[in-house]
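Structure record follows, encoded as structure tokens.
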Amino acid sequence: VHERWPGVPVNVSPVAASSDVVPKDKSMIPQYKDVMPDLVAAVREGERLGVPVLGFEAMCGVPLCVIPPEIQRKFKPAELNAVCDSDEFVRGTACKGCMYDGHCYGLRRGYMDLYGDGELRTVTREER
């Protein structure tokens with residue numbers, strides 16, 4: 001991206017089982033923990049090259065609590081979209097008491113159906 005379109009931001013938007021177009025199939029939808037090392041490397045490479053990496057804080061992104069704190073700090077919490085279909089997203093047990101409560105969409109229901117909420121963690125102000 002940097003070589004072809006200098007300065008153009010990269011938006012992180014993982015494959016989501018959010019419609020009939022994307023089957024709820026583990027072979028098509030990776031678990032966040034499995035792609036996190038590559039996402040962290042992409043954020044770091046983006047910083048090195050001056051390419052903004054966006055999307056972690058958006059409804060199509062990854063919940064901030066699943067990314068490492070040193071990367072998490074680079075993103076501001078989401079401005080929740082009132083148009084968002086509340087049936088599409090669910091909150092896990094770790095969402096209670098998390099500093100992102102009210103600023104996070106949670107997990108897509110299809111992701112929760114496939115993998116559960118074990119990757120979510122409660123983020124405290126001290127960590128942030």
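Below, all heavy atoms of this structure are taken into account, side chains as well, without hydrogens, waters or symmetry copies.
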Could you pull out the closest heavy-atom pair between [X] and [Y], with the gap in Å?
{"X": "Leu114", "Y": "Lys24", "answer": "CD2-O, 3.7 Å"}
{"X": "Ala94", "Y": "Thr122", "answer": "O-OG1, 2.6 Å"}
{"X": "Thr93", "Y": "Asp117", "answer": "N-OD2, 2.9 Å"}
{"X": "Met36", "Y": "Val62", "answer": "CE-CG1, 4.2 Å"}
{"X": "Ile29", "Y": "Tyr115", "answer": "O-OH, 2.5 Å"}
{"X": "Met112", "Y": "Gly92", "answer": "CE-CA, 4.2 Å"}

Just by modelled atom types, is the Leu64 backbone N or O under 3.5 Å from a matching donor or acceptor in the Gln72 side chain?
->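 Yes.
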
Could you tell me whether a side-chain N or O of Arg121 sits under 3.5 Å from a main-chain N or O of Cys65, the two making a donor and an acceptor?
->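 Such a contact is found between Arg121 side chain and Cys65 backbone.
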
Apply side chain to side chain contact (heavy atoms under 4.5 Å, CB included) to Phe89 and Met59, showing your working.
-> CA-CA 9 Å; Phe89 294 90; Met59 69 187 298; 3.7 Å; yes

Charged N to carboxylate O below 4.0 Å: is that the case for Glu88 and Arg109?
->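 Looking at Arg109 together with Glu88, the answer is no, because their closest N to O distance does not fall below 4.0 Å.
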
Compare all side-chain heavy atoms of Ile67 with those of Val40 and state whether any distance is below 4.5 angstrom.
->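 Not in contact.
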
Can you find a pair of side-chain heavy atoms, one from Leu54 and one from Phe75, that are under 4.5 Å apart?
->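 SC-SC contact between Leu54 and Phe75 ruled out.
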
Cluster check [X], [Y]: I/L/V/M/F/W/Y, side chain < 4.5 angstrom:
{"X": "Leu39", "Y": "Met28", "value": "yes"}
{"X": "Ile71", "Y": "Val53", "value": "yes"}
{"X": "Val15", "Y": "Val10", "value": "no"}

Separation between OH of Tyr105 and SG of Cys60, rounded to the nearest 0.5 Å =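 Between atom OH of Tyr105 and atom SG of Cys60 there are 9.0 Å.
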
Would Asn11 and Ser13 count as having a side-chain donor-acceptor pair, cut-off 3.5 Å?
->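 Result is no, nothing qualifies.
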
Output, in order, the C-alpha distance, side-chain angles, deciding distance and verdict of ring-ring contact (aromatic ring centres under 6.0 Å, His included) for Tyr32 and Tyr111.
-> CA-CA 10 Å; Tyr32 294 140; Tyr111 188 92; 4.2 Å; yes

Arg91/Asp101 under side chain to side chain contact (heavy atoms under 4.5 Å, CB included): CA gap, chis, key distance, verdict | CA-CA 9 Å; Arg91 298 195 182 273; Asp101 188 30; 4.1 Å; yes

Positive for side chain to side chain contact (heavy atoms under 4.5 Å, CB included) with Leu120, one of Cys98, Cys104, Pro63 =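 When side chain to side chain contact (heavy atoms under 4.5 Å, CB included) is applied between Leu120 and each of Cys98, Cys104, Pro63, only Pro63 qualifies.
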
Of all pairs that satisfy salt bridge (charged side-chain N to carboxylate O under 4.0 Å, His left out), the ones with a partner from residues 36-56, not counting sequence neighbours =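 Of all non-adjacent pairs touching residues 36-56, those that pass salt bridge (charged side-chain N to carboxylate O under 4.0 Å, His left out) are Arg44-Glu70, Glu45-Arg48, Glu47-Lys74.
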
